[in-house]
> 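Shown below is the structure under consideration.
In each ligand, atom 1 is the first atom listed, and ligand 1 is the first ligand listed. Everything numeric here is computed off the predicted structure, so don't read it as measured data. Positions are given from 1, in the same order as the sequence printed here.
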Amino acid sequence: MKHVISLLPGDGIGPEVTQATVRAVEATGVDIEWQSLEAGSVALEKTGEVLPESVLASLRKNRVGLKGPIATPIGTGFSSVNVSLRKTLDLYANFRPARALPGVKTPFSDRGLDLIVVRENTEGLYSGLEHEVVPGVVESLRIITEKASLRISEYAFAFARKAGRKKVSAIHKANIMKLGDGLFLRCSRQVAERYPEIEYDELIIDNTCMQLVMRPEQFDILLMENLYGDIVSDLCAGLVGGLGMVPGANLGDDCAIFEAVHGSAPDIAGQNVANPTALMRAAVQMLDHIDEPEAAQRLRAAIEHVYKEGKSLTRDVGGTASTSTFADAVVAAIG
Ligand code: ATP
């Protein structure tokens, strides 16, 4: 069956890692027609909009997207295209697995880490709802709702049950944010009661960060609101070799966008040195999502093979290979 997929190569290292990933996906033999789209600063220059309606229309129609990082200017300038996409398309669950790969040396290499951050994706401080009340005073709005908290908890527990995972930890700061995080916790507890076979615990976010760098193997699924999830998923990426390694899926009831956790990495853009593993692993998730499990398994196995062999790794994980050489090795391993 032919699949039509919206493709957003994005900014910075986005086009390089996207090209490498498209090559690897095509090598699996799966029949995909890519609809290439522009958003962010490139689209702004050409169309006057950072998120043109044509991009949303394509995603709504195809219901699946593969996306490179889209840069958000710091401090001033347009607001995040990533946030707009998640909110407009109601992609409420952000699923970020941090799994170790063979041959990547980290202080935790021997612990076989396999953590998943499940992040609420549509509200909280990360929404960037803020305004200047008077010069020198900025008010930032943090909205937490029962509806969003219940559905992200439901997503985390339903996934845990389906995937045979053991534990969900709700991460919070309810000792200080008594109302907002208190509501989030109440919703998590309510859902946890319907999944008695899955262990449930609660940890304060600051303690979680310390525990993650001391004894990360105690965690399984970490459930949290938007901004905590943004920060903790970079921490988890660091545990398994860095941002080049970790994929993410933005999932809603009608659409899904697969991406890398990392940003546009302007410091290494255009040099053919970025690690495309994160986006390739996002593509593995995408292939499973579109019901192409064999292609997903071939790509997953090929990535693992290249890491086991250790000859064609990019420099962020201790190798010397370029982005395209790594992609060549993955394509060759798919056979
Ligand atoms: P954002 O705010 O958009 O999430 P960020 O602050 O997380 O971005 P990144 O752009 O992800 O920043 O980059 C952080 C660091 O990680 C940079 O030094 C960058 O070069 C490195 N990095 C990110 N992605 C990759 C990759 N795919 N391969 C190699 N290094 C990467």
> Working note: Leu223 + Ser153, criterion side chain to side chain contact (heavy atoms under 4.5 Å, CB included); need CA distance, chi angles, decisive distance, verdict.
CA-CA 7 Å; Leu223 164 67; Ser153 298; 3.7 Å; yes
> I want to check a possible cation-pi pair here: Arg165 against Phe157, using under 6.0 Å from ring centre and within 45° of the ring axis as the test.
no
> Taking side chain to side chain contact (heavy atoms under 4.5 Å, CB included) as the definition, give me every residue that meets it alongside Ser54, ordered by chain and number, with sequence neighbours left out.
Pro52
> Please find out if less than 6.0 Å separates the ring center of Tyr307 from that of Phe326.
yes
> For ligand 1, would you mind listing the residues that have at least one heavy atom less than 4.0 Å away, ordered by chain and number?
Ile13, Asp234, Leu243, Gly244, His262, Gly263, Ser264, Ala265, Asp267, Ile268, Ala274, Asn275, Asp316
> Using the test salt bridge (Lys or Arg N to Asp or Glu O under 4.0 Å), find all partners of Arg186 that sit at least two apart in sequence or belong to another chain.
none
> Who passes ring pair (Phe, Tyr, Trp, His ring centres under 6.0 Å) against Phe258, sequence neighbours left out?
His289
